[in-house]
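Starting from 1, each residue takes its place in the sequence as its number. Only a predicted model underlies this, so the values are computations on that prediction, with no experimental measurement involved.
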Amino acid sequence: MLRQVKAKQSDEVNDWDGRDICNNLYQDGSTTGLIYDTSTLFVNEFKPEKFALELRNAESTWLKVDNDMPVDAELYISYMSMGPASTKYPTVLASVTGMVDGDNFTMVIEPFEKDYTYPVHVVKQVFLGRVKPGTSPTISLTVTKPGEWPFRVTGLILTPTFRVDMEKFEWDPRRPPLDSYVPAVERGLEWKDAYTPIS
């Protein structure tokens with residue numbers, strides 16, 4: 001295969017941009033690395049060996065995570081969701097400060113899974129935006145539609161923003177159109193799935 005693609009040996013190793021920062025409390029309840037409002041968010045084992053920070057006794061709260069990487073990072077929040085018939089979770093408005101462009105980012109999180117044909121109670125992640133290196137973005141959560149159960153945060157994830165030097169790559173015509181890969185991170189794809197090195 002290497003002969004077919006005429007690969008050339010190279011001893012060059014590029015610097016790694018950073019590492020993922022994953023504050024996941026779903027399996028052990030650990031909140032190490034998270035900064036949050038302890039008067040409104042409480043660690044709860046809502047099922048045997050399944051944990052979350054639950055928003056209780058309030059309609060809004062906040063939490064933070066440090067981006068100590070030297071690069072911009074993509075911020076995701078993990079939360080519990082269910083469906084497809086209905087959900088017991090509230091809808092929340094998520095607002096983030098400390099974004100790369102200097103603006104605040106706002107989105108509605110509706111923990112309702114309607115694309116399944118069978119009942120589910122799952123962890124879901126949603127992209128909240130890109131944050132600057134050396135910052136601690138604040139995520140504010142405000143309940144906009146109450147639910148039977150509290151909103152459950154299971155983690156925060158920071159992953160380095162991937163950069164592709166487009167001058168070194170060309171589009172492989174055997175692949176689907178480029179716009180079907182954008183943004184690749186949100187679709188779970190890597191750049192190598194969309195681009196072929198120029199020979």
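- A distance of 9.5 Å separates OH in Tyr79 from OG1 in Thr154, rounded to the nearest 0.5 Å.
- Using a 4.5 Å cut-off on side-chain heavy atoms (C-beta onward), Ser136 and Asn67 make no contact.
- Across all their heavy atoms, Pro137 and Val96 have their closest contact at CB-CG1, 4.1 Å.
- A continuous path of ILVMFWY side-chain contacts below 4.5 Å connects Val71 to Val131, so both sit in one hydrophobic cluster.
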For residues 51-60, please give each side-chain donor-acceptor pair under 3.5 Å, one per line with the distance, not counting sequence neighbours.
from, atom 1, to, atom 2, distance (Å)
Glu54, OE1, Asn44, ND2, 3.3
Glu54, OE1, Arg56, NE, 3.1
Glu54, OE1, Arg56, NH2, 3.4
Glu54, OE2, Asn44, ND2, 2.8
Glu54, OE2, Arg152, NE, 2.7
Glu54, OE2, Arg152, NH2, 3.3

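- Evaluation of the salt bridge (Lys or Arg N to Asp or Glu O under 4.0 Å) rule for Lys50 yields no partner, not counting sequence neighbours.
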Please list, one pair per line, the donor and acceptor atoms closer than 3.5 Å that link side chains of residues 138-151 to other protein atoms, with sequence neighbours excluded.
from, atom 1, to, atom 2, distance (Å)
Thr144, OG1, Thr91, O, 3.3

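- Between Val153 and Thr61 there is no side-chain heavy-atom pair separated by less than 4.5 Å.
- The structure places CG of Asp66 at 10.0 Å from CG of Leu34, a figure rounded to the nearest 0.5 Å.
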Would you sort out whether Tyr26 and Met80 count as a side chain to side chain contact (heavy atoms under 4.5 Å, CB included), showing the intermediate values?
-> CA-CA 10 Å; Tyr26 183 64; Met80 294 305 300; 3.7 Å; yes
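- Through direct or indirect side-chain contacts shorter than 4.5 Å among Ile, Leu, Val, Met, Phe, Trp and Tyr, Val108 is connected to Leu93.
- When every heavy atom of Leu25 is checked against every heavy atom of Ser30, the shortest pair comes out as CB-O, 3.1 Å.
- If you take CD1 on Ile77 and CD1 on Ile109, they are separated by 5.0 Å, rounding to the nearest 0.5 Å.
- The hydrophobic clustering, which links ILVMFWY residues whose side-chain heavy atoms are closer than 4.5 Å, places Met107 and Val92 together.
- Summarising the geometry, atom CG belonging to Leu158 is positioned 13.0 Å from atom CZ belonging to Arg130; distances are rounded to the nearest 0.5 Å.
- At a threshold of 4.5 Å between non-hydrogen side-chain atoms, the residues Thr106 and Ser95 count as touching.
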Show me the side-chain donor-acceptor pairs of residues 118-129 shorter than 3.5 Å, one per line, residues at least two apart or across chains.
from, atom 1, to, atom 2, distance (Å)
His121, NE2, Tyr89, OH, 2.6
Lys124, NZ, Glu113, OE1, 3.4
Gln125, NE2, Ser78, OG, 3.3

Should Tyr36 and Val43 be marked as a side chain to side chain contact (heavy atoms under 4.5 Å, CB included) after you check the CA-CA gap, both sets of side-chain angles, and the distance that decides it?
-> CA-CA 11 Å; Tyr36 60 95; Val43 176; 4.1 Å; yes
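- Residue pairs meeting the salt bridge (charged side-chain N to carboxylate O under 4.0 Å, His left out) criterion with at least one partner in residues 24-47, sequence neighbours excluded, are absent.
- Of the possible donor and acceptor atoms, one in the side chain of Ser81 sits under 3.5 Å from a partner among the backbone N and O of Pro111.
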